[in-house]
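Every heavy atom of this structure was used, including side-chain atoms; hydrogens, water molecules and symmetry mates were not. Lettering follows sequence order; numbering is per chain, from 1.
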Amino acid sequence: MLQLNFIREHEQEVVDRLAVKNFEGREIIRNIVELDDKRRETQKQLDDIQAQSNLLAREIGFLIKSGKNSEANLLKEKTGKLKEQAKGLEVAFESVKKALDDLLVRIPNLPHSTVPRGKSPEDNVVVLQEGSVVPVATTAVPHWDLTTRYDLIDFITGNKITGAGFPLYKGKGARLQRALINFFLDEALRAGYQEVQPPYLVNAASAFATGQLPDKDAQMYYVGLDDLYLIPTAEVPVTNIYRDTILKIQDLPVMNVAYSACFRREAGSYGKDVRGLNRLHQFDKVEIVQIAHPDSSYEILETMREYVSGLLRKLELPFRIVKLCGGDMGFTSALTYDMEVWSPAQARWLEVSSISNFETFQSNRLKLRFKDETGKIHLAHTLNGSALALPRIVAALLENFQTPEGIRIPEALIPYTGFEVIK
RNA sequence: GGAGAGAUGGCAGAGUGGUCGAUUGCGGCGGUCUUGAAAACCGUUGACCUGCAAGGGUCCGGGGGUUCGAAUCCCUCUCUCUCCGCCA
């Protein structure tokens, strides 16, 4: 959520920057400023009445104590009138505030000044590409055939147990999953992240604070009986650890890493997008989250990008880094890099990580702040990234390292799998 | 799931209708003393809205009510603890 004061003071700039995200905001921003004017005015009136009432109540107290009951009763009549006025103003205040909030939550985050303009993924900017990308016409077997050939993943049985998008990992397939999770967690630990294990269900307040509500509620599984949501990413519970907190400046940056299963409804997805491991309803992911000082958050974003690049290098996968254009960016993000690995059998890039700086957009909802050296309180910046999402990594490993003798396991992973090849 | 108790500032813990945003202790911060530290002593120490400021307003788990006035009384929800039941 954008900060009201910033909107008030930079109305034109806000409108212009929203345009980069293809969000036409002139009218709604004007509306917000006007509603806020109204809100302030109403609150001033309400405060004045409250101040008068407080004063009178105090006087009445003194009068009653000194036995001057008739004088006290006279003042009581006055307060009665004030009360009526206050009631009317309160109703007005609440309705203005609600209207204001309803508009405010619909405004996406402002893109960073370096975010390229654009409407669709074609307008994204490739900032780096590494590794050998085998051209389209090869004999590469798609991962969904390899998983069957080597009995790694049973999509059919997963379908029987739950439904499409809930695969059953078996044998070396299951062990490869576990190896990757441990590898990613260990690497993050080495990089200075603190490991946490969050709940997989969150309440509405948490989902709202990180921006999943009210914008993307159709994406989350909802447990109505208990009014809880299954997490679409560990970002939600991990970031919410710090909801309603004021950190000490010396605690920054906070670095957390968490493994979790992730649950996404993915309503409306179809075709090649959901084939095999491309898009699942349940998948595993290791997520890194940082809470940073505003002055260093973009530096930290680069270190996170470099960190994830390092993981992909250790896995020996061809990958590229894409800077998202305004139109392809998420609602809450100010700047996002997507990390994509090459799928030789599908001849396309698969997104395995999305690394974003949310600046104060989440922390404003989270009320996540820090106290500077002078004791002043500011909103912190939040950042996160996948490090990494498993299914497409598995797909890329299988497709890139397939040989006539089986699937080769990259060097760095062998200590974790305990096997060097899948035959 | 049943019975009882409770929810107050970073923590502990007072406060049961009137100047209480809240006694006190610990912790934190600043200072005196010290070569330095500890101890001791002195001072200071919540957040939010509004205002140039002075100031004003709100907040004692959430919501509602009684009252001129609520941390304090009433209703309700949530959560925590203890005991019982069930259980990985």
Query raised in the report: Can you tell me how far P in B:rG51 sits from the matching atom in B:rA37, rounded to whole Å?
Result: 45 Å

Requested in this report: Between B:rA14 and B:rG25, how far apart are the P atoms? Round to whole Å, please.
Outcome: 15 Å

Query raised in the report: What is the pairing partner of B:rU32, taking Watson-Crick or G-U wobble pairs with both distances under 3.5 Å in any strand?
Result: B:rA40

Query - Listed nucleotide nearest any side-chain atom of A:Arg40, set B:rG51, B:rC49, B:rG56 - result: B:rG51

Query - Pairing partner (Watson-Crick or G-U wobble, both distances under 3.5 angstrom) of B:rC87 - result: none

**Report entry** Whole angstrom value for the distance that separates P of B:rC49 from NZ of A:Lys367
**Finding:** 9 Å

**Report entry** 4.5 Å side-chain heavy-atom contact, A:Arg149 and A:Val141
**Finding:** yes

Query raised in the report: Which nucleotides of nucleotides 67-76 of chain B have their base under 4.0 Å from a protein heavy atom (B), which only their sugar-phosphate (S), and which neither (-), written as one string 5' to 3'?
Result: BBS-------

Report task. Just jot down the side chain to side chain donor-acceptor pair (under 3.5 Å) partners of A:Ser113, sequence neighbours excluded, or say none. Result -> none

Requested in this report: Please identify each residue that fulfils ring pair (Phe, Tyr, Trp, His ring centres under 6.0 Å) with A:Phe93, with sequence neighbours left out.
Outcome: none

Report task. Send over the distance from A:Lys376 NZ to B:rA47 P, rounded to a whole Å. Result -> 12 Å

Query raised in the report: With nearest nucleotides of RNA chain B determined for A:Gln43 and A:Gln52 from heavy-atom distances, which residue corresponds to the more 5′ nucleotide?
Result: A:Gln43

Query raised in the report: Counting any heavy atom closer than 4.0 Å, what does A:Lys371 reach on the DNA or RNA strands: base, sugar-phosphate only, or nothing?
Result: sugar-phosphate

Query raised in the report: To the nearest angstrom, how far is A:Asn364 atom CG from B:rC49 atom C1'?
Result: 14 Å

**Report entry** Partner nucleotide, any strand, of B:rG55 [Watson-Crick/G-U, under 3.5 Å]
**Finding:** B:rU50

Query raised in the report: Can you name the side chain to side chain donor-acceptor pair (under 3.5 Å) partners of A:Ser386, sequence neighbours left out?
Result: none

Query - Partner residues of A:Phe331 under the ring pair (Phe, Tyr, Trp, His ring centres under 6.0 Å) criterion, sequence neighbours left out - result: A:Phe361

Report task. With sequence neighbours left out, write down each residue that passes side-chain contact (heavy atoms from CB on, under 4.5 Å) with A:Ala292, or none if nothing qualifies. Result -> A:Ser297, A:Ile300, A:Leu383

Query raised in the report: If we call it a pair only when both distances are under 3.5 Å in a Watson-Crick or G-U wobble match, what pairs with B:rA70?
Result: none

Report summary line: Here the distance between atom P of B:rA47 and atom NZ of A:Lys248, to the nearest Å, is 14 Å

Requested in this report: Output all residues satisfying ring pair (Phe, Tyr, Trp, His ring centres under 6.0 Å) with A:Tyr150, sequence neighbours left out; order by chain, then residue number.
Outcome: none

Report task. Could you measure between the two C1' atoms, the one in B:rG62 and the one in B:rU78, and give it in whole Å? Result -> 7 Å

Query raised in the report: For B:rU80, which nucleotide is its Watson-Crick or G-U wobble mate, given both distances must be under 3.5 Å?
Result: B:rA5

Requested in this report: Take the angle between the ring planes of A:His281 and A:Tyr221 and call it parallel below 30°, perpendicular above 60°, tilted in between.
Outcome: perpendicular

Requested in this report: For nucleotides B:rU72 and B:rG65, find the distance between their C1' atoms and express it as a whole number of Å.
Outcome: 15 Å

Report summary line: Of A:Arg39 and A:Lys87, the one whose nearest nucleotide on RNA chain B sits closer to the 5' end is A:Arg39

**Report entry** For atom CG of A:Leu55 and atom P of B:rG18, their distance in whole Å
**Finding:** 19 Å

Report summary line: pair_partner(B:rG17), Watson-Crick or wobble, both distances < 3.5 Å, evaluates to none

Query raised in the report: Expressed in whole Å, how much space separates the C1' atoms belonging to B:rC60 and B:rC11?
Result: 16 Å

Requested in this report: Compute the ring centroids of A:His381 and A:Phe358, then answer whether they are less than 6.0 Å apart.
Outcome: no

Requested in this report: Measure the spacing between CD of A:Glu195 and OH of A:Tyr259 and express it to the nearest 0.5 Å.
Outcome: 11.5 Å

Query - Separation of atom CD in A:Glu90 from atom C1' in B:rC49, rounded to whole Å - result: 15 Å

Query - Base-pairing mate for B:rC26 - Watson-Crick or G-U, with both contacts under 3.5 Å - result: B:rG10

Report summary line: Nucleotide by nucleotide, nucleotides 58-63 of chain B touches protein heavy atoms under 4.0 Å in the pattern (B base, S sugar-phosphate only, - none) S-----

**Report entry** Inter-nucleotide P distance (B:rG61, B:rG10), Å rounded
**Finding:** 13 Å

Query raised in the report: With rounding to whole Å, what would you report as the distance between B:rA7 and B:rC87 at their C1' atoms?
Result: 28 Å

Query - Atom pair distance, as rounded to whole Å: NZ in A:Lys44 and C1' in B:rG55 - result: 9 Å

Report task. Using the C1' atom on both, measure B:rG15 against B:rG28 and round to a whole Å. Result -> 25 Å

Query raised in the report: Which whole-number value in Å describes the distance from A:Asp251 CG to B:rG28 P?
Result: 15 Å

**Report entry** Partners meeting ring pair (Phe, Tyr, Trp, His ring centres under 6.0 Å) with A:Tyr200 (sequence neighbours left out)
**Finding:** none

